[in-house]
Amino acid sequence: MVSPVAATSSGGRSSFAGFWSSARRRKSIGVPSDGSDNSGGLVRSLGLFDLILLGIGASIGAGIFVVTGTVAHDAGPGVTVSFALAGAACVLNALCYAELSSRFPAVVGGAYLYTYAAFNELTAFLVFTQLMLDYHIGAASIARSLASYFVSLLELLPFFKGHFPSWIGHGGIEFFGGVVSINILAPILLVILTVILSCGVKESSVVNSFMTATKVVIVIIVIFAGAFEVDISNWSPFAPNGFKAIVTGATVVFFSYVGFDAVANSAEESKKPQRDLPIGILASLLVCAMLYVAVCLVITGMVPYQFLGEEAPLAEAFTAKGLKFVTVLISIGAVAGLTTTLLVGLYVQSRLYLGLARDGLLPAIFSKVHLVRHTPIHSQVWVGIVATIMAGLFNVHQLSHILSVGTLTGYSVVSACVITLRRKDKVTNQVSQKYITSQSEGTICLVAIAFCGFIAGLCYRFNASIILMIFAIIIAVLGAAALQFRQDYADPPGFSCPAVPVIPIVSVFFNMFLFAQLHEEAWFRFIIVSLIAIVMYAFYGQYHANPVSSEHSHAYHGIPSSEAA
């Protein structure tokens with residue numbers, strides 16, 4: 001007879017063993033279907049130009065209309081270098097995204113999908129939860145900003161000026177010390193955008209393309225109009241607070257470039273994904289970088305950096321020069337920019353929910369695709385509801401300092417995925433295989449590099465001993481050397497990230513360096529959300545997940561045969 005204590009102990013070990021076995025599952029991505037069975041699936045309707053505009057639409061928004069002034073107060077005219085440095089860092093991430101989007105061009109999921117295929121099920125679910133919290137808070141925050149800019153645009157007309165109470169557009173009526181803040185216009189705008197997205201990807205793409213083209217044209221006009229008002233004496237001193245302020249500024253503006261992952265998440269709706277996704281990712285990033293740098297040069301040349309506004313630096317710079325007609329264009333551009341950023345953000349969220357539901361990690365209702373509209377309607381409506389409630393009832397701007405955790409986490413893991421998926425067994429390295437597998441060795445090296453990047457970032461942030469920072473960098477270099485010389489890498493199909501594993505390693509290190517610059521509450525948020533995700537996975541995900549379900553049970557619109565070849 002087995003004692004109750006022994007039975008409980010055995011049951012505990014069995015439960016943990018089952019959890020551990022499930023958590024380590026990896027997704028096997030097979031050859032996509034030929035598209036012959038298209039009932040209920042997503043439609044491949046996005047061309048290359050649509051994808052580029054999608055990436056630009058997701059990026060050009062608050063970064064160009066707001067953040068420039070905030071960072072310029074510390075970095076001075078050197079904010080231009082801040083944007084250039086951040087853009088260069090994002091190129092590393094974009095190259096990794098480009099390779100993986102080309103490697104898995106037929107399936108929706110983005111960073112979550114790549115993590116599932118490269119590492120394991122639990123890590124993929126953790127990446128999803130961190131990203132999703134960023135997206136939910138970000139969507140609500142952008143909706144509030146859009147409502148404010150929209151009212152400001154209407155108030156340019158004398159008939160509307162001064163007739164809008166705070167609960168409609170600007171801020172909201174606050175209760176309980178400002179935690180609850182009622183706003184009416186933000187939820188209305190979210191409902192409209194959710195309806196547009198639910199109508200179909202082609203319809204929403206038309207709206208995004210029109211709005212993105214509008215704001216890009218306006219930004220170009222602003223650049224050329226402002227160029228004639230530049231006084232080069234305003235660029236001196238170029239870095240009033242030193243180079244460290246410029247680097248710190250780069251960590252802030254880094255998040256102005258994060259739209260290219262939206263292109264990767266449109267894999268299943270791209271006409272020629274294996275060719276167009278990498279081009280769309282890199283081209284949209286390049287366009288955004290050029291526009292950001294040009295705008296920074298113009299506004300810091302027009303007005304001394306000390307006098308740039310933090311709420312609407314572009315508009316205030318042109319108002320100071322008496323160019324009020326340009327201010328009107330800027331207001332229109334801000335509304336268009338925030339609209340496309342919000343639209344694409346809602347689009348990406350619904351596709352991520354769709355991908356997880358197909359794999360069983362979320363309830364199946366999120367995997368339903370409308371038979372006529374070919375959109376994940378339940379996922380889209382759910383995303384809209386969450387954003388509407390948050391934007392309508394809460395002062396989400398107070399949560400801005402815990403944002404970007406998911407973005408940096410996702411970028412770091414995606415860069416690591418490139419190395420892991422490229423790795424192949426090295427025949428000449430069999431001696432060490434008795435003690436540790438090649439895969440485990442590579443994973444340990446990647447974790448060590450990420451940790452060293454975080455430590456180096458902490459040393460930089462808190463002016464700690466330079467010796468500790470150098471020690472962290474040396475350990476990271478040793479880990480990189482192990483990945484470079486003790487691992488072999490196969491050439492991937494489609495687009496290939498150059499200089500693997502060097503570029504992904506630098507990307508991981510720099511992302512974690514930036515992670516260390518975030519507010520301390522963001523670190524606590526990372527830990528709390530991760531724990532909640534593990535509990536959710538333990539009680540639901542591990543029992544319902546099916547890593548091969550997407551290959552066999554769902555209708556995918558496969559890559560056209562000519563493209564697959």
Side-chain angles (χ1 to χ4, degrees), residues 52 55-56 58-98 215-216 219-220 222-224 226-227 230 232 234-261 281-305 308 310 313-314 317 337 404 407-408 411 415 453 456-457 460-461 497-499 502-503 506-515 517:
I52 294 174
I56 297 173
S59 298
I60 300 292
I64 206 166
F65 294 105
V66 178
V67 176
T68 48
T70 302
V71 178
H73 275 268
D74 293 322
V79 64
T80 305
V81 180
S82 296
F83 271 100
L85 287 175
C90 279
V91 167
L92 303 179
N93 293 293
L95 288 170
C96 296
Y97 260 97
K215 69 179 177 183
V216 169
V219 169
I220 292 174
V222 166
I223 292 170
F224 279 98
V230 167
I232 59 174
N234 290 329
W235 288 338
S236 180
F238 191 76
N241 296 313
F243 186 72
K244 184 174 183 178
I246 292 177
V247 175
T248 302
T251 66
V252 177
V253 304
F254 176 86
F255 310 110
S256 302
Y257 289 99
V258 298
F260 55 80
D261 62 328
I281 289 170
L282 295 172
S284 61
L285 177 60
L286 180 62
V287 170
C288 291
M290 291 190 297
L291 291 177
Y292 280 136
V293 170
V295 166
C296 289
L297 284 173
V298 166
I299 65 169
T300 55
M302 290 176 62
V303 179
Y305 73 92
L308 283 175
E310 295 191 15
L314 276 178
S404 305
T407 303
L408 284 172
Y411 282 7
S415 298
Y460 175 82
R461 175 177 178 175
C497 175
V502 176
I503 284 181
V506 174
S507 178
V508 170
F509 186 90
F510 188 71
N511 288 336
M512 295 309 297
F513 184 93
L514 293 179
F515 192 98
Q517 312 308 310

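Nothing here was measured: the structure is a model prediction, and the numbers come from that model. Values reported hereafter were calculated over all heavy atoms of this structure, with side chains retained and with hydrogens, waters and symmetry mates removed.
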Is there a side chain to side chain contact (heavy atoms under 4.5 Å, CB included) between Phe254 and Asn511? Walk through the geometry before answering. CA-CA 10 Å; Phe254 176 86; Asn511 288 336; 3.9 Å; yes

Would you indicate whether the side-chain heavy atoms of Pro77 and Pro240 approach each other to under 4.5 Å? yes

Going from CG on Leu286 to CD1 on Ile281, what distance comes out if it is rounded to the nearest 0.5 angstrom? 14.0 Å

Applying side chain to side chain contact (heavy atoms under 4.5 Å, CB included), can you list everything that pairs with Thr407, at least two apart in sequence or on another chain? Asp134, Val258, Tyr411

For the student: nearest non-hydrogen atoms of Gln517 and Thr251, plus distance: CG-CG2, 3.8 Å

In Å, rounded to the nearest 0.5 Å, how long is the span from CG of Leu297 to CE of Met302? 13.0 Å

For Ser82, all residues meeting side-chain hydrogen bond (donor to acceptor under 3.5 Å, both in side chains), sequence neighbours excluded: none

Taking all non-hydrogen atoms of both residues into account, name the closest pair between Tyr292 and Ser256 and its distance. OH-O, 2.8 Å

List for me each residue that meets side chain to side chain contact (heavy atoms under 4.5 Å, CB included) alongside Phe224, sequence neighbours excluded, and say none if there are none. Ile220

Working to the nearest 0.5 Å, report the span between CZ of Phe510 and CZ of Phe513. 7.0 Å

Can you give me the closest heavy-atom contact between Gly87 and Leu285, atom names plus distance? O-CD2, 4.4 Å

Do Val79 and Tyr305 come close enough that some side-chain heavy atom pair is under 4.5 Å? no

Minimal non-hydrogen separation, Leu308 against Ala317, with atom names: CD2-CB, 4.3 Å

Just do the side chain to side chain contact (heavy atoms under 4.5 Å, CB included) check on Thr300 and Thr68 with the steps written out, would you? CA-CA 9 Å; Thr300 55; Thr68 48; over 6 Å; no

Less than 4.5 Å apart, any side-chain heavy atom of Leu314 and any of Val298? no

Can you find a heavy atom in the side chain of Ile52 that is under 4.5 Å from one in the side chain of Ile56? yes

Could you report the tightest heavy-atom contact between Gly301 and Asn234, atom names first, then the distance? O-ND2, 2.8 Å

Could you walk me through whether Val71 and Phe83 satisfy the side chain to side chain contact (heavy atoms under 4.5 Å, CB included) test, starting with their C-alpha distance in whole Å, then the side-chain angles of each, then the deciding distance to 0.1 Å, before giving a yes or no? CA-CA 10 Å; Val71 178; Phe83 271 100; 5.7 Å; no

So, taking the atom named CG in Asp261 and the one named CG in Asn93, what distance separates them when rounded to the nearest 0.5 Å? 10.0 Å

Euclidean distance, Cys296 SG relative to Ile223 CD1, rounded to 0.5 Å: 10.0 Å

Over all atoms of both residues, closest heavy-atom pair of Cys497 and Ile503: SG-CG2, 3.9 Å

Backbone N/O of Asp74 and side chain of Asn241: donor-acceptor pair under 3.5 Å: yes

Any chance you could measure Cys288, atom SG, to Tyr257, atom OH, to the nearest 0.5 Å? 8.0 Å

Using the side chain to side chain contact (heavy atoms under 4.5 Å, CB included) rule, take Val295 and Val219 through it: C-alpha gap first, then chi angles, then the decisive distance, then the call. CA-CA 8 Å; Val295 166; Val219 169; 3.8 Å; yes

Taking side chain as C-beta onward, heavy atoms only, is Leu92 less than 4.5 Å from Ser415? no

